[in-house]
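Working notes, structure below.
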Amino acid sequence: MLLKKQIQDCVIIGSGPAGYSAAIYAARADMNPILFTGFQPGGQLTTTTSVDNYLGFPEGINGNDLMNNCKKQAGRFNTKIINESVNHVILSNKKGGIHRIFFSMKKKYLESRGIIIATGSSPKFLGIHKEKKFMGLGISFCATCDGFFHKEKDVAVIGGGDTALEEANYLAKICRKVYLIIRKNYFKASKILQYRISKKSNISILFYSNVTEIIGDNFLEGIKVFNQKTKTSKTILISGLFIAIGHVPNTEILKKELDLDKRGYVVVQKGKTITSKPGVFAAGDVQDPNYRQAITSAGTGCMAALDLEKYLSLYVE
Ligand code: FAD
């Protein structure tokens, strides 16, 4: 079994901005991190074209290029990268205790005193044709990230919860027109957000509506919307479609081992990355239902490595 007898200081689960940032800080602090890439090496940014809001790239950068750079930077400081998913963990309750991290379909495991969970989250999809193909080509899951590309154009947001209304509100300040498409005839979002939306003259709300088709050959050009009440369909020409029907944190392997909130996000101490188990820290989207940005993920990745370094100095000889 790989490295069975050697006890590690730092195992990082996940290869998005949080994981690589944690790896760079951990490696430079001599924690010899081992990083598992998981099912999506490079994380969510590898599914988008241009990242325009990450600090330090005045012309923007392609999502894959950014994550390849992160990998190279982590490699420069000798992070050991394992191209596998973690299938199971057994987390110790003791300070300075040893955790087990299983992979290769639970046939192998590593032992470590420190773990940084950076498994991210996955946006929920509608499940219609061309939805994945046009990600970064008109289809987005983040108005703060991609709204700017649709300045003074027409866009649509799907969803009726807080996130959808916040996205619509944000886009209404930049775009010419925002269609807000909701399956039901009411919002789940808070009353204050509903009030804000009602004051925006360029938001058009379509209740009882479903997107049934994505139109365009090489990029998004429009959508077909079906109204369940009138049983009619109409075509709406838009340059951007923002899907805001929720995110699922990737915490399946942690369910029985760590405190999670009711949506499944890892619970961390306020302003820290400390979880409910000693020596286990969480960074990035997996512990953040609010901001969900590459830069905040990288920031909390750095925090997790520093929190782990402090923990090891206190509890491990
Ligand atoms: P993720 O990037 O989600 O990475 C999670 C990692 O964990 C992956 O490598 C995955 O393989 C791994 N993993 C999961 N489970 C396991 C397991 N069991 N074992 C091992 N590994 C595992 N943000 C911006 O700031 N600007 C943008 O322009 C922007 N555009 C976006 C466009 C799209 C289409 C999407 C979907 C998101 C975008 N975001 C953007 C949001 C940004 O991508 C996320 O906030 C950020 O990637 C979160 O980083 P993370 O490291 O927490 O997790």
Side-chain angles (χ1 to χ4, degrees), residues 11-24 34-57 60-67 70-71 74 81-89 101-106 110 115-125 131-149 167 240-244 246-255 257 264-266 268 273 282-304:
V11 168
I12 298 166
I13 312 178
S15 58
Y20 280 130
S21 167
I24 292 161
I34 295 181
L35 178 146
F36 285 91
T37 61
F39 63 91
Q40 190 176 52
Q44 292 172 66
L45 284 185
T46 60
T47 63
T48 191
T49 46
S50 193
V51 181
D52 260 5
N53 54 9
Y54 198 84
L55 199 68
F57 297 94
I61 183 165
N62 174 280
N64 272 298
D65 293 345
L66 174 60
M67 293 320 298
C70 294
K71 184 178 175 185
I81 294 177
I82 301 182
N83 289 310
E84 294 216 42
S85 282
V86 170
N87 318 115
H88 182 58
V89 288
I101 303 108
F102 293 81
F103 57 106
S104 280
M105 306 312 286
K106 300 188 191 169
L110 287 179
I115 300 184
I116 295 175
I117 313 278
T119 49
S121 66
S122 308
K124 283 190 196 161
F125 288 87
E131 187 183 15
K132 289 193 177 159
K133 183 175 159 197
F134 287 171
M135 272 169 74
L137 297 168
I139 294 197
S140 172
F141 294 88
C142 172
T144 326
C145 312
D146 298 330
F148 188 76
F149 299 123
E167 301 276 82
L241 178 65
F242 292 82
I243 302 172
H247 277 75
V248 184
N250 299 321
T251 49
E252 196 57 40
I253 55 166
L254 305 168
K255 271 183 179 161
E257 296 289 324
Y265 287 90
V266 176
V268 290
T273 61
D285 281 13
V286 73
Q287 51 82 55
D288 171 18
N290 296 317
Y291 302 105
R292 288 199 296 254
Q293 295 294 296
I295 199 150
T296 49
S297 297
T300 49
C302 151
M303 286 164 64

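These values consider heavy atoms only, across backbone and side chains, with no hydrogens, waters or symmetry-generated copies. For the single chain, residues carry numbers from 1 onward in sequence order. In each ligand, atom 1 is the first atom listed, and ligand 1 is the first ligand listed.
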At less than 4.0 angstrom from any non-hydrogen atom of [X], what atoms of ligand 1 do you find?
| X | result |
| --- | --- |
| Gly38 | 11 (O), 20 (C), 21 (N), 22 (C) |
| Ser15 | 6 (C), 7 (O), 8 (C), 9 (O) |
| Arg292 | 41 (C), 45 (O) |
| Ala118 | 5 (C), 6 (C), 7 (O) |
| Gly14 | 6 (C), 7 (O), 12 (C), 21 (N) |

*Can you label the angle between the His247 ring and the Phe141 ring as parallel, tilted or perpendicular, going by 30° and 60°?*
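Taking Phe141 first and then His247, their aromatic rings stand perpendicular (interplane angle over 60°).
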Provide, to 0.1 Å, the distance between [atom] and the closest protein heavy atom, together with that atom's residue and name.
| atom | answer |
| --- | --- |
| atom 25 (O) of ligand 1 | Ala294 N, 2.8 Å |
| atom 31 (C) of ligand 1 | Leu45 CD2, 4.1 Å |
| atom 10 (C) of ligand 1 | Thr37 O, 3.6 Å |
| atom 32 (C) of ligand 1 | Thr48 CB, 3.6 Å |

*Closest heavy-atom pair and its distance - Gly42, Met67*: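 Smallest interatomic distance, heavy atoms only, reads O-CG, 3.1 Å.
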Mode of [X] contact toward ligand 1 - side chain, backbone, both, neither (heavy atoms, under 4.0 Å):
| X | result |
| --- | --- |
| Ser121 | backbone |
| Val86 | both |
| Ser297 | side chain |

